[in-house]
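Here is the structure we will look at.
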Amino acid sequence: MNTEPNDSPLTASEPAPRNSRWQVCQPLFLALALACGVLLGANPFRPSDQNPDLTARGYLKFKEILSYVDRDYVDSVNAEELSDYAISRMLERLDPHSVFIPAKQQQQASSFLQSDYDGIGVEFNLFRDTVTVVAPLSDGPAERAGLQPGDRILAVNGQRVSGVRTTTEQMFGKLRGPRGSAVLLQILRRGQPRPLNVQVTRNRIPNTSVEVAYMVDNQTGYIKVSRFASGTYDEFKSALGDLRRQGLSRLVLDLRGNPGGYLDRATKMADEFIGGTKKIVYTDGKGDQYDTQTFSRVAGDFEEGSLVVLVDEGSASAAEVLAGALQDHDRALLVGRRTFGKGLVQQPIALNDGSELRLTIARYYTPSGRSIQKSYRGGLAQYEQELQNRQRHGEFFHADSIHFADSLRYRTAHGRTVYGGGGIMPDLFVPRDTTAHSAYYTRLQSLNLVREYALTYYQEHKAELDGLRFEHFNQSFRISDVQLQQLAAKAARDGVQPNAADMRRSASLLRNQLKALIARSAYGKSAYYQVLNQEDVEMQQALRAIQEPGTTAMLGLLGK
């Protein structure tokens with residue numbers, strides 16, 4: 001265990017000689033010790049045993065400098081903002097994931113992992129500075145009040161929100177509020193000559209993290225988990241049970257883009273797949289205070305049956321813990337690209353003013369001993385560029401561009417070779433599909449024109465879509481060349497110059513996305529993912545793998 005050296009000039013094995021420098025400095029050290037006692041008595045923190053004097057000196061130095069700046073600096077300053085800034089820069093020297101969250105941002109930061117919130121329950125988007133309803137959540141306050149996809153929100157409680165550069169965060173702040181309170185919306189609806197006033201009473205809104213669960217065929221289920229929030233495990237259990245009642249015998253678990261969250265929700269999910277008493281993850285911190293080991297311990301609902309897990313460079317932290325455990329025990333086939341590589345454990349520490357310190361206290365390791373965390377020796381700026389560096393080096397497109405040192409080689413339970421060194425490398429590499437991407441397509445997306453066209457199409461054809469079952473829509477509906485031309489014409493009116501070659505290149509991608517977005521407005525989120533996944537390269541690779549008996553048997557995916 002490495003610790004910082006103690007800078008005290010006297011060690012326990014060296015008694016101080018008479019008439020030494022110790023006698024001269026003794027009053028100073030006594031004063032410092034007294035100051036330490038006063039500081040520790042007045043503050044909740046306790047320095048470690050290794051360097052209490054250094055901690056106290058640093059504290060006093062910072063306090064003294066801040067005092068001088070506040071009192072004597074030529075201009076007026078906000079001392080609290082300065083200290084927040086200094087704390088954030090200090091934590092950057094430790095690692096990329098130890099962070100300080102000021103009090104005014106703490107609630108927003110925590111809401112990401114909450115299983116519900118109080119609001120009106122509406123999904124919206126900003127189309128050219130106009131707040132537009134994409135879909136009211138099923139049976140939520142907004143739907144019960146009559147809001148429809150395509151409604152444009154002009155004002156909230158009399159305050160204009162369209163055409164005034166309102167941000168998504170600002171809209172969240174206006175629409176969310178205490179349960180039972182009312183919010184008055186002024187909306188503009190297609191076909192109505194003048195704006196309507198709609199009053200919506202806020203209520204509890206589920207903040208689901210299991211985005212969708214459906215049967216791909218009569219045996220194969222698909223579940224997408226977007227993060228590990230407080231309600232994730234319960235949502236997953238419910239979704240898995242529902243699919244099993246529909247005949248599930250093999251499963252595709254989608255963890256792409258999942259940034260992590262609560263570790264215990266991920267390990268409980270792993271326990272549903274891993275039988276017996278097997279290690280899922282362990283942590284190693286300073287000393288043994290934060291050393292933990294987590295094992296499977298319950299009879300899970302899917303300990304047998306083929307399992308494929310989709311991962312990519314956006315899968316991080318708790319998502320990597322789950323994927324790594326399943327891979328190390330040969331319980332799942334991992335498909336996609338190398339995961340992010342976030343394997344540091346943060347402990348949230350509430351501070352007196354309502355702010356929060358999230359301090360790294362340990363590292364995650366997979367059952368085989370692999371460290372999930374990638375290197376951050378180059379500093380924060382280099383760390384934040386790591387994914388761009390992967391792209392520049394070709395890692396997103398070619399598996400042979402990834403090189404691992406022999407020292408990073410580990411073995412799974414059945415003896416397969418896996419590698420550590422940052423992130424989890426999948427068993428089947430799928431390059432990022434950019435064949436249909438073009439500069440023209442990127443421009444359409446950046447201006448939200450694809451979503452806007454899909455929403456307009458839904459509004460114009462709402463009656464016929466409402467009379468069409470999703471199964472029929474999915475089989476028969478096609479985006480025609482005429483509709484692509486309409487999209488291009490609309491884009492031209494918004495200043496995006498037509499590009500015939502780029503349109504031909506991106507046509508298949510645009511058709512799939514337009515169909516999926518129309519399905520989202522007409523039939524809900526599940527329909528959106530079902531349409532989108534039909535053209536998703538990684539999803540199609542996962543389905544081929546899970547339907548191949550030789551592959552699953554080789555990896556021991558039946559839990560034997």
Side-chain angles (χ1 to χ4, degrees), residues 123-130 132-135 149-150 190 211-212 216 222 224 254 256-257 310 312 314 336 391 396-397 430-462 464-465 468 470-543:
E123 183 181 335
F124 64 87
N125 215 322
L126 294 173
F127 297 137
R128 288 172 296 174
D129 205 22
T130 299
T132 305
V133 175
V134 173
R190 186 182 184 87
E211 291 285 312
V212 65
V216 180
Y222 170 84
K224 180 173 179 60
D254 192 346
R256 291 175 297 178
L310 284 167
D312 65 6
Q391 183 169 2
F396 291 163
F397 310 104
V430 180
R432 183 185 282 180
D433 184 16
T434 58
T435 55
H437 286 255
S438 65
Y440 182 70
Y441 167 82
T442 301
R443 183 71 172 150
L444 293 179
Q445 291 289 1
S446 67
L447 294 176
N448 243 340
L449 294 174
V450 180
R451 283 183 176 271
E452 187 177 6
Y453 178 84
L455 194 54
T456 301
Y457 182 93
Y458 166 74
Q459 290 178 296
E460 292 174 347
H461 298 83
K462 185 177 184 302
E464 60 189 271
L465 288 168
L468 195 65
F470 170 67
E471 291 75 16
H472 189 199
F473 169 89
N474 197 23
Q475 292 174 3
S476 62
F477 184 85
R478 299 289 183 273
I479 297 294
S480 66
D481 290 341
V482 171
Q483 288 155 353
L484 289 182
Q485 291 166 8
Q486 291 173 348
L487 171 62
K490 179 176 178 54
R493 291 194 295 271
D494 289 330
V496 181
Q497 294 301 313
N499 187 314
D502 277 7
M503 176 59 90
R504 285 193 299 271
R505 178 178 178 179
S506 301
S508 62
L509 184 58
L510 286 169
R511 291 182 205 274
N512 177 249
Q513 290 195 347
L514 285 169
K515 181 178 177 179
L517 289 166
I518 292 168
R520 173 70 182 93
S521 294
Y523 306 104
K525 189 182 292 186
S526 177
Y528 169 78
Y529 279 105
Q530 289 185 58
V531 173
L532 211 59
N533 282 340
Q534 289 166 358
E535 301 294 331
D536 186 280
V537 173
E538 293 150 25
M539 178 64 176
Q540 295 309 308
Q541 179 65 64
L543 292 176

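- The minimum heavy-atom distance linking Tyr440 with Pro498 is given by the pair CE1-CA, 4.2 Å.
- A donor-acceptor contact shorter than 3.5 Å links the side chain of Asn499 to the backbone of Asp502.
- Asp312 contributes a side-chain N or O that, together with a main-chain N or O of Gly257, makes up a donor-acceptor pair within less than 3.5 Å.
- Taking the side chain as every heavy atom from C-beta outward, Ile518 and Tyr457 approach each other to under 4.5 Å.
- Nearest heavy atom pair, residue Asn448 against residue Leu126, reads ND2-O, 3.1 Å.
- Separating the CD atom in Glu211 from the OH atom in Tyr529 is a distance of 4.0 Å, to the nearest 0.5 Å.
- Between Thr132 and Phe124 there is no side-chain heavy-atom pair separated by less than 4.5 Å.
- In this structure, the side chain of Ser438 engages the main chain of Tyr441 through a donor-acceptor pair within 3.5 Å.
- Within the 4.5 Å cutoff, the side chain of Leu517 has no heavy atoms near those of the Glu452 side chain.
- In this structure, Asp433 contributes its side chain and Thr435 its backbone to a donor-acceptor pair below 3.5 Å.
- For Met503 against Leu484, the heavy-atom pair with the smallest separation is CE-O, 3.7 Å.
- A pairwise comparison of heavy atoms in Ala522 and Tyr458 identifies CA-CE1, 3.7 Å as the closest pair.
- Between Leu468 and Phe470, every side-chain heavy-atom pair lies at or beyond the 4.5 Å cut-off.
- The number of heavy atoms from other shown groups lying within 6.0 Å of CZ (Arg443) does not exceed 12.
- In terms of modelled atom types and a separation under 3.5 Å, the side chain of Tyr523 and the main chain of Leu465 share a donor-acceptor contact.
- Gln534 and Asn474 share a side-chain donor-acceptor pair at under 3.5 Å.
- Within a 6.0 Å radius of CZ in Arg451, no more than 12 heavy atoms belonging to other residues, nucleotides or ligands are found.
- Smallest separation of non-hydrogen atoms from Val531 and Asn512: O-ND2, 3.0 Å.
- Lys515 contributes no side-chain N or O that, together with a main-chain N or O of Leu532, makes up a donor-acceptor pair within less than 3.5 Å.
- Atom OG1 of Thr456 is separated from atom NE2 of His461 by 11.0 Å, given to the nearest 0.5 angstrom.
- For the residue pair Ser526 / Gln530, a side-chain donor-acceptor distance below 3.5 Å is found, with atom types taken as modelled.
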Query raised in the report: Which is it for Glu535 and Gln540 under the side chain to side chain donor-acceptor pair (under 3.5 Å) test, yes or no, and what are the steps along the way?
Result: CA-CA 8 Å; Glu535 301 294 331; Gln540 295 309 308; over 6 Å; no

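- Within the 3.5 Å criterion, the main-chain N or O of His437 finds no donor-acceptor partner in the side chain of Thr434.
- A distance of 3.5 Å separates CG of Asp254 from OH of Tyr222, quoted to the nearest 0.5 Å.
- At a threshold of 4.5 Å between non-hydrogen side-chain atoms, the residues Leu444 and Leu510 count as touching.
- In this structure, Arg256 contributes its side chain and Leu310 its backbone to no donor-acceptor pair below 3.5 Å.
- Note that CD of Gln513 is 10.0 Å distant from OG of Ser508, once rounded to the nearest 0.5 Å.
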Report task. Report the C-alpha separation of Glu460 and Arg190 in whole Å, then their side-chain angles, then the decisive distance to 0.1 Å, and conclude whether the salt bridge (charged side-chain N to carboxylate O under 4.0 Å, His left out) test is met. Result -> CA-CA 9 Å; Glu460 292 174 347; Arg190 186 182 184 87; 3.0 Å; yes

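- Note that CE of Met539 is 4.5 Å distant from CG of Asn533, once rounded to the nearest 0.5 Å.
- Between the side chain of Ser521 and the backbone N or O of Pro149, no donor-acceptor pair lies under 3.5 Å.
- Here the closest heavy-atom approach between residue Arg520 and residue Lys525 is recorded as NH1-N, 3.6 Å.
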